[in-house]
Every structure is written in structure tokens, then in C-alpha cells.
2 protein chains.
Amino acid sequence: MARTQGSHSDITGPRIRQAALRLFARHGYAAVSMRKIAGEVGVQAGALYNYTPDKQSLLFRLMRDHMQDLLSAYGEQKQTGDPQDALRRFVGFHIRFHLQRPDEVFIAYMELRNLTPENFAEIEDLRRKYEDGLEAILREGQRAGIFAVADTKIATLAVIAMLNGVMTWYRAGGRLSLDEVEAVYWDMVRKAMTA
Amino acid sequence: MARTQGSHSDITGPRIRQAALRLFARHGYAAVSMRKIAGEVGVQAGALYNYTPDKQSLLFRLMRDHMQDLLSAYGEQKQTGDPQDALRRFVGFHIRFHLQRPDEVFIAYMELRNLTPENFAEIEDLRRKYEDGLEAILREGQRAGIFAVADTKIATLAVIAMLNGVMTWYRAGGRLSLDEVEAVYWDMVRKAMTA
DNA sequence: ACCATATCTGAACGGATGTTCAGATAGAAG
DNA sequence: CTTCTATCTGAACATCCGTTCAGATATGGT
């Protein structure tokens, strides 16, 4: 046997990335073999190498694409308004964007140590760019006397860490709606940052 | 060759746990082989099985011991005082305890998915017990009208998530002292929880 | 109908994996 | 000094790993 009926790179390629994403998120990069990914797609392991030069690149591209999606989606947000509004929009954006991509978020966060140093540096760079967006808001609010934090960098990391906590417990159709979750977190973030 | 000079279970046992802890934290459970752990200790892989029935148990016991240490250390804390004081003490305790054990914290958090279902349930049970300690403080403060959070369970998770963020950036000898870090986080937590 | 090319198989590669165990030596006890 | 036991080695087991590649078949264009 060789090429199979209906096989096409436009179909197999996305399916491979999708399967890798799911399996990496569930079991971790090191615990997932190329054969398991291939099995999920219904293909032999060798076929994966038409779509990725190696396993490491498969992981890296998933992470890089996710971070670039995050940055470009955040870039499309309205950037005007006073710092308080900007912070509120950031909270809403962060929660909603990340809750829509649980697997990507999990991987981008847990699999950093499985990246080569070069790949790690690139992902960290993108992450820092995103954090800088929030810190700019906090600094502007600090300057305007609206916010009162001891250290904008630490506050940035604290807010993001707090918001990321949503991912560990929120399930669609649970006790609280998305709007309610957003309101609850916004209340805590606002109070924590405000004078 | 067989038994080596100076070999003793009181020495080898702790060294194995220590090496496993360090390697699991650095590279992840799945990426660390029994041979690598043994190599770190200066012993052959087979010797590890005098100290653990298998690799899974090695991971599990590291996590369980850590969680039990956490619970027993927290249990020794002074529990009296008004909720505001109790919350301040919780923040200080959590930051200091966890910063002293970065490897254990990392593992207890990142390697949950590599536990068997039974082991996972046991660790999660211990984690919930710890969270319950914080939630009791928040509920008591809520009852007394000191705190004003929309949901004590979510607030509990939010506070812990925020505090855990310290672990990602704090390095001893850095820009801020431990006391300063504690003060900065306490300021944010207090404001976020207070009416 | 034919051809070029895109796509996949199946086998193979060297090496790593967790675990077991008989046998060997060191330390402790008498 | 002898005996018992704690401790470790070294080899072996079956299985899995990431990756490569020649060859086979399907697809799309002419």
C-alpha cells in the first residue's frame, strides 16, 4: 500500500496539528509518541514527516502559532479609553480568549521546558510582548493616579497569574456564566489595582 | 561487583528521592529515565528498586510528602485573630513555604497528569484541604463584613493562583527582599478581598 | 489515456525504556 | 572469625522511541 484514498495535505496537515495539540495537552510532550499522534490521525508514523521536520518543531509551531494568535487578537482590541476601562477590557479579553483555547494555553504554559533554547527564547519573547501590553495599562493608570500598585511589573504578573487560575476550574455550563466569571474577576482585579 | 563500599539505605534512599525531585522538576517526569536518576546518585538503575516499587510511586511519594508537609506546616500556624490578620498570615506563609521548595511546588503542580487516577485523587484531596483553610478565612471575613467577594471559592482559587505567580519570577538576592515581596502581594490581596 | 507529483506505507535503524533477578560483595552481629 | 543480611551490579527481557527511505498508489493536469 502507499498513498491512500482521499489523502490530501490540506486535510492531513491540520488533523496532525490538532491531534498533537490534544495529546500534548492531555499527556505531555514527552509522553506522547509520534506513533500515537499518527494513530489518532489514522496514518503511519512516517507520514508525519511530510508535515514537520521533527517532533520538536511540531510542538514549537503549536506554541508559536498560539502566541501569535494571542498577540494579533489583542492587537485588534480597542486601545483607547482611560486606564480603568483598558484594564477592564484586558481582563475580559484574557479570560475569554484563553477559555476558548484550553489545550493551547495548557501547552504554551507547561511545555516550555521541552523547547530547545532557541525556541524557548522565541516563545518567551512573544509572552513578554503580551505582558507588556498589560503593564503599559498599569503604568498609565499609575501615572494618572488611578492605580496604586507597589510595582507595575509584579502587578502585571500577579494579574495574569490570577486570571490564568480561571482555566483550572471553569467549565462551560457550570455554576457561573462567562459574564459572571468576568465580573467576579474584574471586581478583584480592579480593587487590587486601585488606590 | 555487587554491594559497594559505604553503601547504606539511610544515605542512598534520600539521595534517590533528591535526585528524582531535581530531575523531575527540571525535565519532567516522562522525560527522566530511571537510569538518569540512578546515574545522578552514582548507582545502577536496578538499585533504585530497593527504594521504590516503580517509577510512578517515586513520583507519587514526592508529591504526597510535599503536600503533607504543606498541610502540617500550615496546621502549626496560629489560627486565631481576626480574618484580616489570618489572611495576612496566610499570604506570608504561602509565599515563604513555597519559595523554600521550588522543585516540590513545580512537581506537585505540573506532574498531576502523570499520576494514576488513584494517586491523582489522593493528591487532589490534600490540595483541597489546603484550599479549604484559605476559604474558611475568607468566609469568616465575609460573615464579619470585612471582606466583600462575590464568591469565596473563586476568590480562594484566585488568591492562590496569584500567589503562586511569585514562584515564576522570584529569585533570592533579586531586586526585592522576601519581606518586600510579601508586602506587595499582601497589599494586592487585601485590597482585592476587602469591601 | 497518460504522466508528473503528492501522499502514504511498511520496514528498518540504533538506541532508550521500565523492570527483574541471580549472584556478588560489604557491613553488622555474635 | 564466622554468619547473616543489606545493598548493589550487570546482564537480560520485551517493548517502545524518533527518524529515514525506497517503493507503491492516488490525485490532478494535460
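In what follows, every chain begins at residue 1, and chains take the letters A, B, ... in the order their sequences are listed. Bear in mind that the values here come from a model prediction, so they are computed numbers and not experimental data.
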If I take atom [atom1] in residue [X] and atom [atom2] in nucleotide [N], what distance separates them, rounded to the nearest angstrom?
X	N	atom1	atom2	result
H8(A)	dA26(D)	NE2	C1'	11 Å
Q5(B)	dG27(C)	CD	P	6 Å
R35(A)	dT9(C)	CZ	P	13 Å
I11(A)	dC8(C)	CD1	C1'	14 Å
H27(A)	dC16(D)	NE2	C1'	16 Å
L48(B)	dT20(C)	CG	P	12 Å
L23(A)	dG18(D)	CG	P	12 Å
Q44(B)	dG18(C)	CD	C1'	15 Å

Q. Can you get from I107(A) to M67(A) by hopping between Ile, Leu, Val, Met, Phe, Trp and Tyr side chains that sit under 4.5 Å apart?
A.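 The answer is yes; both residues are in one hydrophobic cluster.
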Q: Identify whether L70(B) and L112(B) are in the same connected component of the hydrophobic contact network (ILVMFWY, side-chain heavy atoms under 4.5 Å).
A: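 Yes: a chain of side-chain contacts under 4.5 Å links L70(B) to L112(B).
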Nucleotide of [options] approaching [X] most closely (side-chain heavy atoms):
X	options	answer
A47(A)	dC8(C), dC8(D), dT7(C)	dC8(C)
Y49(B)	dC17(D), dT7(C), dT19(C)	dT19(C)
A2(B)	dT19(C), dG23(C), dA24(D)	dG23(C)
S33(A)	dG18(D), dT9(C), dT7(D)	dG18(D)
T4(A)	dT9(C), dA26(C), dT19(C)	dT9(C)
N50(B)	dC8(D), dT7(C), dG18(D)	dC8(D)
S9(A)	dT27(D), dT7(C), dT9(D)	dT7(C)

Q) When you look at T194(B) and R190(B), which way does the side chain to side chain donor-acceptor pair (under 3.5 Å) test go after all the steps? A) CA-CA 6 Å; T194(B) 304; R190(B) 179 183 50 76; 5.2 Å; no
Distances for protein N or O near nucleotides 2-4 of chain C N or O, under 3.5 Å:
none

(Q) Is it the case that dA6(D) (base atoms only) and R3(B) (side chain only) share a donor and an acceptor within less than 3.5 Å, ignoring hydrogens and angles? (A)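 Under the 3.5 Å cut-off, the side chain and the base do form a donor-acceptor pair.
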Q: State whether T12(A) places a side-chain N or O below 4.0 Å from either non-bridging phosphate oxygen (OP1 or OP2) of dC8(C).
A: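 T12(A) to dC8(C) OP1/OP2: side-chain N or O found under 4.0 Å.
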Q.
With a 4.0 Å cutoff (strictly under), does any side-chain N or O of K55(A) reach OP1 or OP2 of dC17(D)?
A.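 Answer no for this pair, as no side-chain N or O of K55(A) is under 4.0 Å from OP1 or OP2.
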Q) Should D132(B) and R128(B) count as an ion pair when the cut-off is N to O under 4.0 Å? A)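 Judged by the 4.0 Å cut-off on N to carboxylate O distance, D132(B) and R128(B) do not form a salt bridge.
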Q. Side chain of R15(B), backbone of V41(B): donor and acceptor closer than 3.5 Å?
A.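 Judged by distance alone, yes, a pair lies under 3.5 Å.
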Q | Comparing G46(B) and G46(A) on DNA chain C - which has the more 5′ nearest nucleotide | A |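 Upstream on the strand: G46(A).
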Q.
On DNA chain C, compare the nucleotides closest to Y51(A) and S7(B); which residue's is nearer the 5' end?
A.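 On the 5' side of the pair lies Y51(A).
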Q.
Walk me through whether E135(A) and R139(A) qualify under salt bridge (Lys or Arg N to Asp or Glu O under 4.0 Å).
A. CA-CA 6 Å; E135(A) 196 183 357; R139(A) 262 209 294 263; 3.1 Å; yes
Q. Going by the angle between their ring planes, with limits at 30° and 60°, are Y74(A) and F93(A) parallel, tilted or perpendicular?
A.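 The rings of Y74(A) and F93(A) sit tilted, inter-plane angle from 30° to 60°.
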Q: Please test Y130(A) against F90(A) for ring-ring contact (aromatic ring centres under 6.0 Å, His included), starting from the C-alpha separation and ending with a verdict.
A: CA-CA 11 Å; Y130(A) 181 63; F90(A) 180 89; 5.5 Å; yes
Q: Name the nucleic acid region contacted by V41(A), choosing base, sugar-phosphate or nothing; use a 4.0 angstrom heavy-atom cut-off, strictly under.
A: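 Nothing, no nucleic acid heavy atom in range.
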